Each structure stands twice: as C-alpha cells, then as structure tokens.
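In what follows, every chain begins at residue 1, and chains take the letters A, B, ... in the order their sequences are listed. Owing to the predicted nature of the structure, the values given are computational and were not obtained by experimental measurement. Side chains included, hydrogens not; waters and symmetry mates left out as well; all remaining heavy atoms used.
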Amino acid sequence: MVKGFRPETLKEALKLRAQYDCLPIAGGTDLMVQKARGFALKPDFRKPLLFIGHLPELQRLEVINRQIHIGAGVILTDLLNSETIPDIFKEILALMASPPSRNLASIGGNICNASPAGDTLPYLYAMDAQVVLQSTDGERIIPIAGFITGPKQTDLKNSELLTKIIIPQTEFDINMYRKIGQRKGMSLTKAAFLGMANVADGKIQDIRIAFGSVAQTVVRSGKIEQSIVGKSTKDIVKNISEISRQYAALIRPIDDARSSAAYRKKVSLRLLEEFFVSNLAKVSNLRKAQSKGDIE
Amino acid sequence: MKESISKPIQRVDGPAKISGEARYIGDMHFENRLYAKTLRSTRAKARILSVKKPPLPRNYFIVGKDDVPGVNRMRTVVSDHPIFAEDTVEYIGQPILLVVGPEREKIYDIITKIKVEYEDLPALFTLEDAEKNSEVFTDYHYEKGEPQRAFGEAATIVEDEFRTGYQEHVYLEPQGMTAEFRDDTMFVYGSMQCPFYAEGALTEALGWPAERIRVIQTVTGGAFGGKEEFPSLTACQVAVAALKTGRPVTMIYDRDEDIICSTKRHPSIVRYKAALNRNQDIVALEIDVLLDAGAYNGLSPVVLQRSMFSATGVYNFPHLKVRGRNFMTNNVPSGAYRGFGAPQTIFGTEMMLHNIALKLGIDPLEYKMRHALKRGDPTCTGGKIRDIVKLPEIVKRVTQMSGYHDKRKNGQKYHGIGISLFLHGCGFTGNGEQTIGSKIILKKEGEKVILKVSSTEMGQGAETVLRKIVAYTVDIPFENVIYESVDTGKVPDSGPTVASRTTMIVGGLLQQAGLELKDRWHEADKIEVTRTYRHPDYIDWNNDTFQGDAYPTYSWGANVAEVEIDPVTYEIDVKKISAVYDVGLPIDETALRGQMQGGIVQGIGWATIEVMKTDEGRLIQKNLTDYKVPTSMDVPEVECDFINNPYEFGPFGAKCAGELPFVGSPPAVAAAVSNALGVPIRSIPITPEMLMEMDSDEN
Amino acid sequence: MKIEFTLNNEFKSINVDPAQRLLDLLREDFGLTSVKEGCGEGECGACIVLMDGRAVNSCLIPAGNIIGKSIVTLEGFRKTARYKMIEKCFLDAGSVQCGFCTPGFVMATESLLNENPHPTDEEIKAGLSGNLCRCTGYNMIIDGVKLAAKRGNGLW
C-alpha cells in the first residue's frame, strides 16, 4: 500500500514536502492516467502521495494590483465560471478535455504536467504569467517560461509546491485561439495557436503570439513580437512571409499517433497568417471605421 | 385492426440499463473465483525459445498450450488461431499463456516476472509487402459475361485504386468471459454475439461433446462484429483455466488490452479497371480486392466473399471480372465488423464512379443512375434481382430532403455535398444459411409464449423486435411473450447474431411458427412449435463457382452528406446527413432509427477521424486517447426516412437493417469532401493532414 | 489511509490504499456496479459519478481525494424524481441501446441540468462530450436530454 499524506494547511503540506520524497497530486487527471496499470488495478505510484488539491490556500482566485492570482488547486470548471478570468482564457479552457475531467483537473496540475500539448500553457506564456513556488524555506516567483524546462520537465524542486499562478490583468482587443484536435469533443491538441494584439491608429501597440504542441515547449518569441510592435497592420501583412519564416525556424514538431510534423508546422504557420491577414487586418479596419463614426 | 408493427414500443431492456441494474459479465459475482490475465507476444513474428516462469505462490496457476485437453485451435471458418501460442508467435499481442489466481495485483506481478526468450523471424507488415511476397491466405475469382471481349472493344479504359484503414469496434464494454466447471459440465458466461460459435470452439478445445458445455450470454455492451468470433478464443482460454484450477475463472480485458489484441476491420486496397463504351457507360469492370487478414485467416474468407459480392454496389455492369485475396501479414488478425467487407468495396465503387463522372463532367448522381440495377437484372454473380427496386424513389426522396441539386449547383469551395447509393445483401453470404439450418422454438404455456432462439441482444434491440414479431403474429399482448435467456443448454441454434440476419431470418421463422401456434392455440395448454430454416427453392447458389444468388434479397439506401472544410486547417465538419432506406418494413421505428443513426455515425468515424495504423506490426493508436471515435460534439444533424417495400419472405415484410447504414455514410462523406475541394478522394480515413497536402498540390 | 466520506448520502469510514481508484472502491468494496469501466483513462465517461453534485470520472480519482466529499452513484441517484424523469425521457427518445455507457450518460445529464436547466442543443452536446457511446450516434441521447429538460421544468 502506498502511503498518503493529506495535510490540512499549506504550511503542513510544505513541511511534509520537505520531510519526505513524495509526489504532490491535485485533481489526478494526468497522474492517474500515466500511472494506470489496467482493469481493477491500483495505479503504479512508487512514492508516497501528497494530496494538495483540497488545500484552502490553493483555492483562492483574486485580483491584487491588477494581477490575477490563481491558486494552483483551482479546477478548470471554476476558472470557466469565474468573472475574473478573461474571455480568451475561458475559450481555451472550454476546449480542454471534457466536463467531468474539468471538474477534477487543476490549473497547477496542467502546468506541472508540462506536456508540450498542455492547453493552458500558450496563454500563460503569452501573458508572461509567473508561478509561485513555495517551500519551508520561502518562495520563488519565476516566469512560466523559466519554470517549464522541457517536455514533462519543470524546475520544481523536491521541497517545493507550485501554489499560485499570477497573470497580469490585461485584455487585448484582438484575440484568436485555435485548437486543432483529432475531433471536436474531448481531444488532445495536435496544434494550437494563440494570437492577441492591441491596435491603435492602424499600428500594432502590443502583440503576443504563442504556439502549442509544435515544439518541446510552447513557442513564443519576444524578439519577433518586438519587431512587429509599432508597425502598421498593412506593413505587417505585406511582410507576412518574413514573419512566417522566422517562426518556422522555431516550430519543430514531431510525428506521433495524433498527427504529422509536416501538418503541425504548416497549419501553425497558416494560422499565424490567418491571424494577421484576416483577424488583425479586418479588426483594425473595423476599429478605424468605428472611431470615425464616433467622431462624426 | 391492430396498430402497425412499425409503431415504436418501449424497449424491454431499457429500464434495467438506465438504472444501472443490468449486470454485465464484469458485474457478476462467482463464489470462490479466480481471475486471469494474458501474457502476450511482444514480437511480430518470432520463435519462442523459452518461457521462464517465477515460482508461483499457492493458488496461482499458469495455463498454456499443454493444458488444452483437445485441439489447441480456435474453431471458426479457418481454425488456424492457436488458443495459446505454440512454437512461434505471429503477431504482437498474441496470447501465450494465462496467469490465474485470486488477486489481480499478484497476477499482474507474476506476469511482469515471466520472461519469454524469442528469436525474431522475418515478418510482413503491409498489404503491399504481402502482395509482393505472395503471402496469400485466400484467392477467389468470379466472372460475369465476357469481360475480356468487352475490354477489347472498349472506347476508353479507366483505372483507379482505393484504400481503407483499420477500424476498432470500441464497443463500450470490453471483452469479458467467465468459465465455471461443475456437475461435469463447463459453464461459460460472457459478452458475446454467438454463443453457439463459442460452444463449437469449446467442444474442440476441450474434446467434449456439446452436451457437457453450456454457453450463456450475459448482457452485452455492444459488439458490432467484435464479439462474433473473438469471444470463442477467450471462452476456450478461461474454460481450460477453469478445468485446470477447478474454480471459476474470470477474464475481463481493460481497454488498452482489448484494442491491442482484438480483431479489427480489414484494411483494404481495391483496384478498378473500367471499360467505357462510346456513350461513356461502363460496360465492363475488373475489380481486384486485397484485404489484410493479419496473422491468421480465421473468418476472413467469408469477409472477402461479401466484399467481392458487394463490389458492384447498386449497379449492373454487364461484364465483370472480380478477384479477391486475403493476405497474411504479421499484424493483429482482422475479423468481423459491421458491414463485413462490404464497406471497403462499396466505398471504392462509389468513389470510382464519382471520379469518372467528374472527369467526364457529368453529375455523379446522374452517372451512377445510368448504371443502376432494375428489377429482373442479373446480380454480379449471375443471380437475379427479383424484388421491386425502389432506388429511384429513394434517390428522389433523399435529394428533396437535402436540397441536393440546388446545393450542388450553388456550391462554393470548402462547402461540399455528396451522395452515395448502396445496398446490403440480407443474411448470410452464399450458402451460409443452408449450412447453419437455423432452428427456433415457440412454446405455449397457458397464456404465455416462450420464445427460444440463440439470437442475442447486444444493444441493437433484438429482444424487443423478436418478441414484437411473435406478439403481433400470435396476437397476444407483448408482455405475454417471454424471451428465453440465451443459453446453449436451453435454446436451439438459430444461428449467430450477425450478417443483419436476425430480424429477417430468425424473425421470419418465428413468424411462421407463430402463425401455426395461432391456428392451434386452442388445441392444448402446452404446445411446442419448431421451425428449421429452409432456403427458398428459387434461390440457387454454387459456392465453388460463386454463381447464382449470393443473397436472398437486398436492402437499399442513399445518403447525402454535407460538409464544410476549414480553409486554414482543413478540419472536416460533417454538417448533415440525409438518409433514406428501403429495409422492407420497419418492425419498430425507434429501434430501427437507432440502428441507422448509430451506423451512420460509426461510418463517419471510419471515414474521417478514426485513424489506426501499425508500425512494424505494432499499433500506433492503441488507446482511446490516441484512437478517436466521434463524441456528441462531432455528430451531424441526421435526417432519416424509410421507403416501405415489404419483402414477401420477411416477417411483416422486413429485410436487413443493421449493417446497411454503415455501408452508406463513408462514400457520401468522401464525395462531399471531394466536392468541397474539387479533388478526388481515394482513401479513408480522410484527415486534415491528407487534405492539406492534396489541396496544396492542386494549387 | 483512513478515508471518511459520504456515499449515496450515508457516512462511510474505511481504510484503503489512498491511490486506489474511486471506480474500484465503488465497484469492488461497495458493490456499486452501475459504475462501469470502459477505458480507465478518463475518455469514455462510463464511470462518471457525482462528487459534490458535479460529474467526475471515478477512474481518475484516487481514494485520497474523496475525503470529506459527497459521492453519489446511480444507485443513490435512481431514488430521485430527477432520475425518474431522465429514465422516462431516455426510454421515450430511444436513448439506450447496449446500455454500458448509459449510467454515465444519466449522471452527466444530471450534472448538466443541475448547472443549466434549459440548455441549448450545443450546450447539451458540450455537456455530454465526456461520454462515449458507440451504438446510438448520440442524436437520440441528445433528444432524451432535451425531453428531460422540457418535461422536467422545475425539477432542476
């Protein structure tokens, strides 16, 4: 029988974490599948389990100084039902797994699982989200991109727990999210694209672009984004093949049971172009027309 | 006057299934029972050099080939699959032995400690390789007319080739079986379609007469062909284990194990060579059907037969040359799956006609109807279409329902509409019914009638439909008809529950017996009436030359599919299926609609998202995370209608229904995708990966 | 590990391996066989039960996660008026064929209508998207849920 710890408080949990080589588990939706052994058999856990999904400290969802603080134990359904969560993030969450799984799965679990296909990750990368890692020695706050070090790999230390995710409370005028699965309902992601931007006077003020499931971790490039900011949408559309070429160098997908590397790469770049050519160009025109209308 | 039999009634097994009280094999309790788990081959083809077993704790057993008292082969059409592997293994997942004991956890530990030493042998993994190496299990031919002459006189010759992939049944209840040896009799309980198949297999594996074997079907959570022949294997395995241990033995698969080792729909290549005359009509056709049977032939020869006899679809091609081959590969064996070989060739033939029509600039529907079968026409095997053919009415109704003609005219890129025409031969292929000689019993006891058949309820509604036929025939209340549980010790062999034969063949026998019972109702309190199937005299079939009527009659249908393709990602959205069928006369409209809706969606799955491939004999998609079947979010609107065309020899005019909808939806979807993108479709599943490549090639 | 929880409205205290799946706990230890194993990986929904009123996959829940929770299986739910309504509507709409997925669909329907008593067609499809059915093609199950929402006005 594997040992289980079920602390009542975060403080207690951190103590146990420091004391034992144990496996933190929240909703269990990833771990229970990864460790499953088959019909009527117990999952193959070798380390004691540290149950943390219920900890009250990890259930909080609040806005502090224009930053959304999400407890690592908050389940996806509660994020979907929250008024604090931006619509684009909800759009992403609504396409994750299925209702009964979303009633179990925590956001912290999705992050710590660090799957290249992790559905919350493109958004968190794009928002420059930070993760709070606590131990009995104190806490570290690091960017999500630094926390996830590779497929299924994180910088979580043996004494630490991921306790909170901090997302700047920023919303963008233009948002496009596309998840490509093998089917419409309940599907793992073959490729995902997230584009968000603010445009004023026909010029791009801020832009965030992230690709999921097409490399070892989320693909986002501050450098390319910076090169786009300040340019007019017209120029960008003209220059689209150059931007596409730059991202192409970063997108390195694999062939697997769900799709092919060639498709993943092509479709990612097509979605990028779609974002610029259709969404961005159209919406910025629309906004111009609207502001004109306001003046008149 | 009674209400029409088509008017739906509440299905009898509904309440217990909704409340969760229905007991499937995994829910049943057996006193003092042991569990079993299978050790499987990890090699595609290898010689077994040694099997090193750890010391076994008390009450734990290993059961293998040496424990089989009779013949170590699973009996089916070709009895080539060993119950437990002997000197070699021929596919990954092949059963080698069972570990049996009281605790599942311990069994699992023991299994992981058994070491099998293999010597790998050269293997074949694809149909192409098998064809090159002439690894043929079965090679069939038939001809009609004078194909050679017709090809010599052809104005044009067109060739085309089509491919279809694996399909996993994904019955929601995985395979499960329990055997119990008591009173000198082997009792086998399990989830299955064909208890008498299992009984037959057990007589050979145990070397016992059938009198010492009882096979009892438990509530069966879906089958679709996947529980036709495969349960015979697990039945023999647990029976051998029960004999060795003297205790009941239960073996329930989990999903991953089920996917890895159970039979699947045959992957296929179908090649066509068509001779067109100056009017551009097809006058002669050569068809070459290649099926991947996997490592053992099993019942693949019969699948191949249906595939070949369905290959001309609803059309009359005057001259024909058809060849069919089952190839041996070191892949998991293929087997029965709804449609039984017909979906592969119907898909090919529909798309072949579609592609030729597009090339000629003719509307595919118009082109197809130029070749349509009419009453009195010869069938592909030289039989005769005897009954009224309502294909024109079906087409009229389905094109009206869907607005086919207008939508086709006003088509835009990425929006597609496509039509399929199809039929399905009712009942067993060839001389199957004569060979089986189904028996049924109706027994009057007071006011009640007991219905004894071996037809199993597996979700399709057989119990409701058969009881309804008897109640209507004898003219007694439905509640007074009792359906005897399917137990080979209690019911006669009315044949397996396959080939869409239950309503028409078994229901037909029940109707005949019911009429006699009704006539004799006042004779006595207890009356037993039996019927044995006799093939209609007018039907002539030669199983050596494949000449004559391969089927007594046919059900017909047409589907119109509407799709949208995402111009950026090439994801396929099937928006609507309009479907019209002639199944004679519906016995229960709700049960029938359920078959049609479910069959259509299974067909869409096979045609689009259900990708299953192997890599050197290893399945790439081997769980439900990677192998995707449709969810509620993936299903289109389905509008379904029936054209009545009562069949003289079917109960109340009913013909076959269960497989028909599966056959129809894949070519309709493929035709719609072809229409949306303006490209020919030559293989399914049609994936976004494939479409993106094709569309950029076109550009 | 000592696990205290409520099962079909009765308090339970048991000592089990905290990693044991709730699915097996319900089936093996409590004999609640309405809960089915169709895949063991959260894909099929045949093992759905209610945890604090919400549909969850019991194959994904380690026993350690049910402490203090209220678990309701179909054995408990089938005593309610809501169940009777779902049963009647599933029968009338022809929502049932082989039945192995049906208990999971009943529980998912309860969870869906509990949250959203008047769902649109799209909301029903999304609400049932964690349940696989291979027999019906779903449309007749969706009809059953629609009928329950309509006829059961006020029950949810």
With only heavy atoms counted, which part of [X] is less than 4.5 Å from chain B, the side chain, the backbone, both or neither?
X	result
C:T136	backbone
C:F100	both
C:Q97	both
C:Y83	side chain

Practice task
Run the salt-bridge test on C:K12 and C:E10 with the 4.0 Å N-O cut-off and return the result as yes or no.
Solution key: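 Between C:E10 and C:K12 there is a salt bridge, with a charged N closer than 4.0 Å to a carboxylate O.
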Exercise for the section: Measure from the side-chain N and O atoms of B:T456 to the backbone N and O of B:Q193, and report whether any donor-acceptor pair falls under 3.5 Å. Expected result: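 A pair under 3.5 Å: yes.
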Practice task
State which residue, out of B:K628, B:Q621, B:Q167, fulfils the side chain to side chain contact (heavy atoms under 4.5 Å, CB included) condition with B:V611.
Solution key: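 The passing option is B:Q621.
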Taking the six-membered ring of [Y] as reference, does the cationic atom of [X] (NZ for Lys, CZ for Arg) lie under 6.0 Å from its centre and within 45° of its axis?
X	Y	result
B:R104	B:Y35	yes
B:R265	B:Y166	no
B:K622	B:Y627	no

What part of [X] is in contact with chain C, defined as an atom under 4.5 angstrom from a non-hydrogen atom: side chain, backbone, both or neither?
X	answer
B:R593	both
B:L624	both
B:N623	both
B:Q597	both
B:D258	neither
B:P15	both

Taking [options] one by one, which has the highest count of heavy-atom pairs under 4.5 Å against chain C?
options	answer
B:T590, B:V629, B:V601	B:V629
B:Q460, B:E637, B:H169	B:H169
B:S632, B:G20, B:A223	B:S632
B:T625, B:D254, B:D256	B:T625
B:I18, B:I604, B:T631, B:D634	B:I18

Problem - Validation row, ring centre B:Y189 to ring centre B:F30 under 6.0 Å - result: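 B:Y189 vs B:F30: aromatic centres under 6.0 Å.
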Handout entry: Check: B:F224 ring centre within less than 6.0 Å of B:Y171 ring centre
Key =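 Between B:F224 and B:Y171, the centre distance exceeds or equals 6.0 Å.
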Exercise for the section: Show the numbers, then the answer: is there a side chain to side chain contact (heavy atoms under 4.5 Å, CB included) between B:Y24 and B:T218? Expected result: CA-CA 6 Å; B:Y24 299 78; B:T218 51; 5.9 Å; no
Handout entry: Interface residue of largest heavy-atom contact number with chain B, from C:T73, C:L132, C:I141, under 4.5 Å
Key =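 Most heavy-atom pairs under 4.5 Å with chain B: C:L132.
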Exercise for the section: Could you tell me which of C:F105, C:F90, C:Y138 has the largest number of non-hydrogen atom pairs under 4.5 Å with chain B? Expected result: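 Of the candidates given, the most pairs with chain B belong to C:Y138.
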Problem - Geometric class of the C:F5/C:F30 ring pair [parallel <30°, tilted 30-60°, perpendicular >60°] - result: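 Correct class here is perpendicular.
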Exercise for the section: Would you check if there is a donor-acceptor pair between the side chains of B:S19 and B:E21 at a distance under 3.5 Å? Expected result: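 The answer is yes; a qualifying pair exists.
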